[in-house]
Amino acid sequence: MSNNWDYIAEFKNDIDELLEKIRQRADELSRANHHIIAAVADEKENPAKGVVFYAPAIQGNIQKNNAGWKKIYIEAKPKGDDQAAYNAELFDKIRRQLNDLTPAQAFGAKLLLSDSQGGKATITLFYPTTYIKPPVPQTHWLYTSCFEPYIENVADKLSFALNHIDSSFSLLAYSDEDGSDAKGVIYHKLGLANPELAHVGHAWALKSYSTKADGKSQADYQAELFDKIKTDLNSLSEQHLLLAQLFLTDRTKGRAHIALLYPQEIRPI
């Protein structure tokens, strides 16, 4: 089933400049009544890169799926500054996958992108295959982080978490620092449900934090990155967060970033 998904890829030498460009793209696409799914990665000595997949919003009371998660994991070894190779080996493949899904699956999907110095780039699409009516929302957002040698292990752990958190709405991200030091984080809140497809986010904003902590220091990453996003999640409107995107990037012996991209308004199309 074709959902008319396409994408815009952005390569920038500065991660902060890239994040702002992704925010601008989200604004432009939402003004045209498009849903978005975005992902970002960073790599030492090569440009930071991001991708925004978009498709026209669908009118009518169609509920996004929120359970029964499946994983599509793709890896490649393109040169870090070769945008055409990233398009062909990663982004084009995800576009085809999204267009093969039903609207309820595709519009509920999550996308993660990683890059490592001199190594492989990966992109992972998580998509939900069914809908479960959630219970009454609980008070607080929670998160779980994982540190593993390899990014594929992190992807597997995030997939397991998605399918074993009872009726929660989740935001997740991963990064790969140097090919042997990967990490991921999943935030969840029990009882939240995705908005219907006929709602689109507008006036997108960013919350971004960085650290130069040692890549294996889980306590520092939690204090300087993950805890700060949890505080933001617990202070923002639930309805706005239901369309949010989460990014995690890491550079070998450089800065790690976490960023929350979220709409300040949600409007029916």
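Just so it is clear, the model here is predicted, and its values are computed rather than measured.
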Identify the residue among Arg255, Lys49, Arg251, Lys12 that makes a salt bridge (Lys or Arg N to Asp or Glu O under 4.0 Å) with Asp42.
Arg251
Output yes when a side-chain donor or acceptor of Asp82 lies under 3.5 Å from a complementary backbone atom of Pro78, and no otherwise.
no
Around Lys71, counting heavy atoms of other residues, nucleotides and ligands shown, do more than 12 lie under 6.0 Å from its NZ?
yes
Do Tyr221 and Phe147 have ring centres separated by under 6.0 Å?
yes
For Phe160, give me all partners under ring-ring contact (aromatic ring centres under 6.0 Å, His included), at least two apart in sequence or on another chain.
His164
Of the options Lys183, Lys212, Lys44, which is the one that meets Asp250 in a salt bridge (Lys or Arg N to Asp or Glu O under 4.0 Å)?
Lys183
Report yes or no: does Asn65 contribute a side-chain atom to a donor-acceptor pair with the main-chain N or O of Pro128 at less than 3.5 Å?
yes
The ring-ring contact (aromatic ring centres under 6.0 Å, His included) partner of Trp5 among Phe53, Phe107, Tyr54 is Phe107
Given salt bridge (Lys or Arg N to Asp or Glu O under 4.0 Å), test Asp232 with Lys228 step by step and report yes or no.
CA-CA 6 Å; Asp232 288 331; Lys228 291 180 179 179; over 6 Å; no
Donor-acceptor contact below 3.5 Å, side chain Asp81 vs main chain Asn46
no
What is the ring orientation for Phe91 with Tyr7, classed by angle as parallel under 30°, tilted 30 to 60°, or perpendicular over 60°?
perpendicular
Which is it for Tyr86 and Phe11 under the ring pair (Phe, Tyr, Trp, His ring centres under 6.0 Å) test, yes or no, and what are the steps along the way?
CA-CA 10 Å; Tyr86 276 78; Phe11 280 46; 5.4 Å; yes
Using only atom types and a distance under 3.5 Å, with no angle test, would you say the side chain of His240 pairs donor to acceptor with the backbone of Gln264?
yes
Between the side chains of Gln24 and Glu20, does any donor sit under 3.5 Å from an acceptor?
yes
